[in-house]
Number of protein chains: 2
Amino acid sequence: MELSPTAYVILGLLSLGPKSGYEIKAFVDKSTRFFWAASYGQIYPELRKLSEAGLIDGEAKPAGGRRRTVYALTREGRKRLREWLAVEPDVLEMRDEGLLKLFFADATGGASAAETLAAKRRHHLEIVEQLRALEPLAAAKPERFPLLVCRYGIECNQWMADWCQRTAEELSAAEAGSKGRTA
Amino acid sequence: MELSPTAYVILGLLSLGPKSGYEIKAFVDKSTRFFWAASYGQIYPELRKLSEAGLIDGEAKPAGGRRRTVYALTREGRKRLREWLAVEPDVLEMRDEGLLKLFFADATGGASAAETLAAKRRHHLEIVEQLRALEPLAAAKPERFPLLVCRYGIECNQWMADWCQRTAEELSAAEAGSKGRTA
DNA sequence: GCATGCATGTAAGGAGTTACATGATTCA
DNA sequence: TGAATCATGTAACTCCTTACATGCATGC
C-alpha cells in the first residue's frame with residue numbers, strides 16, 4: 001500500500017508521541033506547516049486509512065465528557081516511517097506568487113516591483129517571527145531535529161527578507177540614477 | 001471572472017510576446033517553473049478559457065504543415081495582468097520533503113539525517129546549475145525582472161545547499177565528539 | 001447565556017499532475 | 001526508417017483546501 005506524503009507527516013508526528021486528530025492538526029500548524037501543511041480534510045480520512053492498514057492504532061480516550069480518539073504508531077507503522085526516512089527526499093516545490101509578480105514586473109514598467117518586494121519581505125518576516133516564538137519550545141524538547149529545521153526556517157526566511165530589501169534598495173537607487181541623468 | 005494563478009502565468013508570459021501553448025510550456029520549464037510550475041493539462045484548457053473571456057486572442061499560424069495557434073494578449077488581458085501585478089502577493093507555499101524527513105530524523109536516532117541532507121543539497125545544487133545556464137539568456141533580453149528573479153533562484157538555492165553542508169558537518173562533528181567521549 | 005476551545009468529521013470543489021492519444025515534421 | 005521535436009488536447013486521478021455540520025465543555 002502506497003502512502004501519501006501527508007500520511008508520513010502523521011506517522012512522523014505520532015513517532016513523537018500519541019495524539020488525537022485535533023492535536024495533530026494543532027501540532028502541524030506549529031511546526032511542519034512552513035514546509036508541509038495539512039488540513040482536517042486530509043488528517044481525519046488519513047487517520048482512518050492508516051488505522052485500517054494497521055500502521056496506527058486508535059484508542060478511545062475521552063477527555064471530560066468529550067469523545068476523543070488518540071492514535072499511536074504500531075510496530076509496523078514505525079517500520080514504515082523508518083523505511084520512508086531512509087529513501088532520498090524527492091518533492092521540492094515552491095509556489096511563490098511574489099516572485100511570479102516580480103518576474104512579470106516589466107509589464108508595469110517596473111512600477112509594481114517596489115510594492116511586491118515590500119509585501120514579500122513582510123511575509124517572510126512574519127514567518128521569521130512565528131518561528132522565533134516556536135524556537136524555545138523546540139529547544140526544550142528531547143528531539144534534536146525539529147529545532148534544527150526550525151532554525152533553518154528562521155535563517156532561510158530572514159535571508160529571503162533581506163534579499164527583498166537589498167533588491168528594493170538597488171532598484172530605487174537605479175531609478176534615482178536614471179532620473180538624475182535625465183534631469 | 002476570477003482567474004487562477006496559472007492563468008496569470010499565461011498572461012504574464014504572453015506579455016513578453018505572442019506564444020503557442022507548446023511554447024508557453026517550454027518557456028515555463030525554463031523560467032517560472034522553479035517557483036511556479038504549469039503542465040499541459042492546465043495550459044491548454046486555460047488558453048481556451050482566457051480566449052473565451054477575451055483576455056487573449058488566438059491566431060492560426062501553422063509552422064510548416066503543423067497546425068499551430070499563437071496567442072497574444074488583448075488590451076483587456078494586459079489590463080487584467082497589470083491589475084493583478086498591483087495587488088499584494090498572497091500565496092507562498094513550500095513542500096520540501098527533505099525538511100520533512102530531517103524533521104522526523106530522531107525516529108532513526110539521527111542515522112538518516114546525513115543522507116537526507118546530502119540529497120537535499122544535491123537537489124539545490126542541481127537547480128543552481130540549471131539557473132546558471134539560464135542566466136546569460138535572461139541577461140540578453142530587454143526585460144530586467146526575469147534576470148533579477150533568476151539570480152534570486154541561484155542565490156537562494158546556493159544558500160540552501162550551503163546550509164545542508166554546514167549542518168551535515170556540524171552533525172558529524174557532534175557525533176564524533178559524543179563517540180570520543182563514550183570511547 | 002454565550003463565546004471560545006476541544007473534538008470529529010464530510011461534501012464540494014479547486015488546482016495540478018500523469019499518462020495517454022494523435023499526428024505532422026525534421027534530421028540522421 | 002526511426003527517433004526526436006513540434007503541437008494540441010483529454011481523462012483519470014491525487015492532493016489538498018474551504019466551508020460547513022455537529023456537539024460537548026469551560027470559563028466569563
Side-chain angles (χ1 to χ4, degrees), chain A residues 1-11 13 18-30 32-52 56 58-71 90-97 100, chain B residues 1-11 13 18-30 32-52 56 58-71 90-97 100:
Chain A
M1 180 207 177
E2 279 276 313
L3 297 184
S4 69
T6 301
Y8 288 109
V9 175
I10 292 176
L11 292 184
L13 288 183
K19 281 171 190 62
S20 69
Y22 188 84
E23 288 169 326
I24 288 172
K25 165 70 170 146
F27 204 112
V28 163
D29 283 346
K30 284 211 254 170
T32 70
R33 134 169 102 102
F34 300 102
F35 51 93
W36 208 291
S39 59
Y40 287 126
Q42 286 174 274
I43 291 170
Y44 283 109
E46 203 64 65
L47 283 172
R48 178 190 299 252
K49 279 184 224 163
L50 289 171
S51 184
E52 281 165 7
I56 63 176
E59 196 189 344
K61 281 221 176 137
R66 290 187 201 107
R67 86 181 157 128
R68 183 163 166 267
T69 309
V70 170
Y71 294 89
D90 180 39
V91 182
L92 178 58
E93 283 162 24
M94 222 194 279
R95 314 229 115 194
D96 187 331
E97 204 186 355
L100 206 54
Chain B
M1 179 206 178
E2 279 277 314
L3 297 183
S4 69
T6 302
Y8 287 110
V9 175
I10 292 175
L11 292 184
L13 287 183
K19 280 170 192 61
S20 68
Y22 187 84
E23 287 169 328
I24 287 172
K25 167 70 169 144
F27 204 112
V28 163
D29 283 345
K30 283 210 256 170
T32 69
R33 134 169 101 102
F34 300 101
F35 50 94
W36 208 291
S39 58
Y40 287 127
Q42 287 175 276
I43 290 168
Y44 284 108
E46 202 64 65
L47 282 172
R48 179 190 297 253
K49 279 185 222 158
L50 289 170
S51 185
E52 279 165 8
I56 63 176
E59 196 188 344
K61 280 219 178 140
R66 290 190 199 104
R67 84 179 159 130
R68 181 162 167 267
T69 309
V70 170
Y71 294 89
D90 181 38
V91 182
L92 179 57
E93 283 162 25
M94 224 192 278
R95 312 230 116 193
D96 187 331
E97 206 187 353
L100 207 53

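Everything quoted here is computed from the prediction, not taken from an experiment. The chains referred to below are lettered A, B, ... by the order of the sequence lines, with proteins before strands, and numbering in each begins at 1.
With rounding to whole Å, A/Glu97 atom CD is found 11 Å from C/dG16 atom P. The NZ-C1' distance, from B/Lys49 to C/dG16, rounds to 11 Å in whole Å. Taking atom CG of B/Asp29 as the reference point, atom P of C/dT17 lies 10 Å away to the nearest angstrom. Atom P of nucleotide C/dT17 and atom CZ of B/Arg33 are separated by 12 Å, given to the nearest angstrom. The distance from atom CD of B/Glu93 to atom C1' of D/dT18 is 13 Å, rounded to the nearest whole Å.
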Exercise. Which parts of nucleotides 7-15 of chain D does protein reach within less than 4.0 Å, heavy atoms only, written one letter per nucleotide 5' to 3' as B for base, S for sugar-phosphate only and - for none?
Worked result: BBBB----S
For this session: Show your working on side chain to side chain donor-acceptor pair (under 3.5 Å) between A/Thr6 and A/Glu46 and close with a plain yes or no.
Result: CA-CA 8 Å; A/Thr6 301; A/Glu46 203 64 65; 5.9 Å; no
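A/Glu97 places a side-chain N or O within 3.5 Å of a backbone atom of B/Asp90 that can act as its donor or acceptor partner. Listed for the A/Arg68 side chain is a donor-acceptor partner under 3.5 Å among the backbone atoms of A/Lys61. No donor-acceptor pair closer than 3.5 Å links the side chain of B/Glu52 to the backbone N or O of B/Lys49.
Taking all atoms of both residues into account, the shortest heavy-atom contact from B/Val70 to B/Pro18 is CG1-CB, 3.6 Å. For the residue pair B/Tyr22 and B/Tyr44, the shortest heavy atom distance occurs at N-OH, 3.3 Å.
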